[in-house]
Amino acid sequence: MAKLLSLFSILAFVVAMSIVGSQAEDCAQDLSGLMSECKQYVMFPANPKMPPSDGCCGVVQKVNIPCLCSKVTKEIEKVVCMEKVVYVADKCKRPFSHGFKCGSYTVPAK
């Protein structure tokens with residue numbers, strides 16, 4: 001588990017460093033907040049799904065989802081369970097719409 005968390009931290013750092021353009025600071029801050037508040041709710045295995053904390057939901061409510069989703073790579077998807085990401089967003093009252101793409105993951109119909 002420690003190796004998995006280390007891998008996630010490294011991948012998150014790589015993503016943060018690769019963000020460019022006018023949204024760079026927003027995405028980097030969003031990613032940092034998500035890492036500190038939400039990582040335990042979105043990591044594999046896919047089950048069990050745990051309701052996110054108030055702190056996690058506070059961050060989810062403020063992040064630039066399209067910016068972050070555009071930075072999700074296959075490597076990140078090996079560590080972060082996109083089903084859990086969708087679950088957390090839904091529980092935090094910021095659901096993804098059917099068909100929305102985040103990385104290579106497409107949100108299914110409910």
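Just so we're clear, the structure is a prediction, and the values are computed from it rather than from any experiment.
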Interatomic spacing from CG in Leu68 to SG in Cys27 - rounded to 0.5 Å:
5.0 Å

About how many Å separate SG of Cys69 and CE of Met82, when rounded to the nearest 0.5 Å?
5.5 Å

Is there a side-chain contact between Glu77 and Ser104 in this structure, where contact means two heavy atoms from C-beta onward sitting under 4.5 Å apart?
yes

Measuring only between side-chain heavy atoms, which start at C-beta, is Val80 closer than 4.5 Å to Val72?
no

Pairs in or reaching into residues 47-60: which pass salt bridge (charged side-chain N to carboxylate O under 4.0 Å, His left out), with residues at least two apart or in two chains?
Lys49-Glu83

Could you tell me if the side chain of Arg94 sits less than 4.5 Å from the side chain of Ile65, heavy atoms only?
yes

Val60 side chain reached by Cys38 side chain, heavy atoms, under 4.5 Å
yes

Nearest-0.5 Å distance that lies between atom CD in Gln40 and atom NZ in Lys84
10.0 Å

To the nearest 0.5 Å, what is the distance between NZ on Lys62 and CG on Asp30?
10.5 Å

Which pair of non-hydrogen atoms, one from Gly99 and one from Thr106, has the smallest distance, and what is that distance?
O-CG2, 3.6 Å

Heavy atoms, side chains only, cut-off 4.5 Å: are Tyr41 and Pro51 in contact?
no

Say you draw a straight line from CD of Glu37 to SG of Cys57; how long is it, rounded to the nearest 0.5 Å?
10.5 Å

Does Val85 reach the side chain of Tyr105, with side-chain heavy atoms less than 4.5 Å apart?
no

Separation of SG atoms, Cys56 and Cys92, below 2.5 Å:
no

